[in-house]
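For reference, the structure is listed below as structure tokens.
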Amino acid sequence: MDAERRTEHDDKGRWIDPAGGISGGEFAWSQGPPAAEAAIRVENLTAAYGDNVILRDVSFEVTRGEVVVIAGGSGCGKSTLLKHMIGLHPLAGGRVEINGVDIAAAGDRELSLTRQGFGVLFQSGALFGSLTLLENITLPLNDFTSLSPRAANLVARAKLAMVGLAGYENHLPSELSGGMQKRAGLARAMALDPAILFFDEPSAGLDPITAAELDRLIIRINQAMGTTMVIVTHELASIYNIAHRVVMLDKSVLGIIAQGPPKELRDTSSDPRVADFFHRRPSQKQA
Amino acid sequence: MAITGSSKFKMESSPGQSPEELVLSVSGRLDRDGLEPALAQMRQAFGQSKPRKLVIELGHLESLDSAGALALTLMQQEAQALGASTELINLASSAADLKSLLDPAELAKEPLIPEARKQGFVSEVGRAFLDMMGDFKQMIAFLGDFFLASVRAARTPRLVRWKDVALYMERVGVDGLPIVGLISFLLGLIIAFMSSLQLASFGANIFVASLVAVAMVRELGPIMTAVLIAGRSGSSFAAEIGTMKVNEEVDALVVMGYDPAAFLALPKVLASLIVIPLLTLYADLLAIVGGLLVGVLGLDLTVYAYVQQTAKSLSVFDVTSGLVKSLCFAAIIAGVGCQRGFTVRGGAQAVGAATTSAVVTAMFFIIVTDSIFAIVLHYMDW
Ligand SMILES: Nc1ncnc2c1ncn2[C@@H]1O[C@H](COP(=O)(O)OP(=O)(O)OP(=O)(O)O)[C@@H](O)[C@H]1O
Ligand SMILES: [Mg+2]
């Protein structure tokens, strides 16, 4: 058993996949379109901070290649749901499956491999402040792939070019504007060509033009690479642009009140909370 | 001619319709691992035939990822740099989508700032000197700000955040009691023990008490306490203010009309000025207790004799000069800690650097101040 484990550790003691990692973002068009299987399955997820239950029995699925937006009022638990889905907080109940792996039950190795299969864009970008942009992106490439440093540099530069930051290789994150940091964060999240991308409020704090450009980038990446995306946002314009499906949370039920394509929810939902959201009306309760 | 690549993709080169045309047929799976081999094989084929036109035929490509798309783009770029025109044929539409994410013009951009930020030795020395001068200027500026804040606070004491003063008195003073106490006690023990080895041979056991008392109260008490508190609290002041600086909390204070020096630094400095002399007295006392333990258990002195000798060898001036010293040290520790915090610019790393610098700078100034005291007290004939 030990010999087997050793081959799966690299020299620095990190988990690496002998088969070359879970690669998403790749099109094998000869095999036809991907089957409509679930990339992410959330079953009866309960999330709590101490005794304070934020979400109760939340269940939904995200199919491969789908763009799902998690929406809802401030404080309803969107960020909480995202953090629980990516395994940053232990679940108070239920299960989350990503690429078929139950992340609560997975061992260290399996969890590390699963995490290499998805990328996360944090709300603030979360770039490493002591590293240049290029180094931020080559970090996972050097550690988790067999690429030579030269090739890793090429790939990292390509990712920067993809998000419109060509030329900023040697800048430190603190030398960039907020929107640029966010795009650089996206480039880093995409470093390993993950099959799934999670975004926490990608367009918050961006001007409408930059936000629209980011939306377009998200759409192009989704279409070109078939990347599954889970996006927390409450920008209505973004939601209409990018979402295949919206999952709406609400504080009153500690969970989902509606889900479906955004235009359909706007036009057909009878739930006043959903209608208020899509028509930007103040909540009836407070009015 | 066939050049077999890594196990996943295959590149074959063949002459095209005209003699100056080279056709490269890529088949199989072109992905991350194929990036460098594909480029190398293309260069090799190119070097052999030196064509004017490169045609990349992709009809048998099974899959392509973003790194594979990058390989195709780079192959085109290299060929163009060598003066050949390029053409991709039979590229599946989804692969074309993927490739279109990469804009060749963007890829060709040079870094805006060169990678090597290192300069020659001379300019490094020059920069270091300028940095030092800038540092000095910032310190003077902070001193000025702080002085103004103190004057304002002295005129209207209710402007001082006394709640914070109490909080920092607890953090610096009460929370520091265990470590300061332990170290001083052991120090007293060690001084007494080491000196007794020498003094016992002269039958001068009783002077162990004098030695411990004078050494601690005049020198070691203030210095040891200051060094410990610089490590414990000076660093935490710098980290706290530095993090607030990074999070723009300091900017928020400014625009809300507060003076950051008064709001953040003054309570810390006041608290330190109050508790560090007290901590010093406490350190002196525990060291004497440590010495007493050695004297009574190891040297057959009575408690009464030890205490008597201690009292006899200490003057009021010794105690006050120690306290005045520790007041200066307190100002240095808190002042430097806060000042370093305010200089933070950038991110987490800058906070770490400020923390280190707060401790090192404070210790430097503590030693300098102590030396000045030693000289002045010497000429005052004490
Ligand atoms: N670390 C934490 N500890 C305790 N409670 C928390 C923590 N993080 C969030 N909460 C609570 O969980 C609830 C949901 O917070 P969450 O951040 O998930 O909201 P959100 O839907 O992302 O809101 P927003 O749109 O404003 O970002 C809030 O009531 C908040 O007080
Ligand atoms: Mg949130």
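All values reported here derive from a predicted model rather than from experimental measurement. Proteins get letters first, then strands, A, B, ... in listed order; numbering begins at 1 in each.
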Just checking, is any N or O donor in the side chain of B:Thr86 or B:Gln80 under 3.5 Å from an acceptor N or O on the other one?
->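 Result is yes, a qualifying pair exists.
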
Taking atom types as modelled, is there a side-chain donor on A:Tyr49 or A:Thr80 under 3.5 Å from an acceptor on the other?
->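 Note: A:Tyr49 and A:Thr80 side chains meet the donor-acceptor criterion.
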
Residue [X] versus chain A: region with a heavy atom under 4.5 Å:
| X | answer |
| --- | --- |
| B:Glu106 | both |
| B:Glu36 | side chain |
| B:Leu107 | both |
| B:Ser100 | both |
| B:Leu101 | both |

Most contacts with chain A, counted as non-hydrogen pairs under 4.5 angstrom, among B:Gln349, B:Arg345, B:Lys99 =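 Top count of heavy-atom pairs under 4.5 Å with chain A: B:Gln349.
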
Give a yes or no answer on whether the side chain of B:Ser357 reaches the backbone of B:Ala353 with a donor-acceptor pair at less than 3.5 Å.
->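 The answer is no, because no donor-acceptor pair under 3.5 Å joins these two groups.
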
Backbone of B:Ala358 reached by a side-chain donor or acceptor of B:Thr361 within 3.5 Å =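 Checked: no pair found.
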
Choice from A:Ser148, A:Ser174, A:Gly167 maximising heavy atom contacts with chain B below 4.5 Å |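 Most heavy-atom pairs under 4.5 Å with chain B: A:Gly167.
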
Greatest number of heavy atom pairs closer than 4.5 Å to chain B - which of A:Pro173, A:Ser146, A:Ala161 |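 Looking at each option in turn, the highest pair count goes to A:Ala161.
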
If you look only at pairs with a residue in residues 121-136 of chain A, which of them pass as a salt bridge (Lys or Arg N to Asp or Glu O under 4.0 Å), with sequence neighbours excluded?
->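 Counting only pairs at least two positions apart or across chains, no salt bridge (Lys or Arg N to Asp or Glu O under 4.0 Å) contact touches residues 121-136 of chain A.
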
Please, which pairs that meet salt bridge (Lys or Arg N to Asp or Glu O under 4.0 Å) have at least one residue in residues 66-79 of chain B, sequence neighbours excluded?
->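 Checked against salt bridge (Lys or Arg N to Asp or Glu O under 4.0 Å) - neighbours excluded - the pairs reaching residues 66-79 of chain B are B:Arg43-B:Glu78.
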
Examine whether an atom of A:Leu154 lies under 4.5 Å from a heavy atom of chain B, and if so say whether it belongs to the side chain, the backbone or both; otherwise answer neither.
->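 Both parts, heavy atoms under 4.5 Å.
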
Where is the tightest heavy-atom contact between B:Asp65 and B:Asp31, given as atom of each residue plus distance?
->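 Answer, listing the atom of B:Asp65 first, then B:Asp31: OD1-CA, 3.2 Å.
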
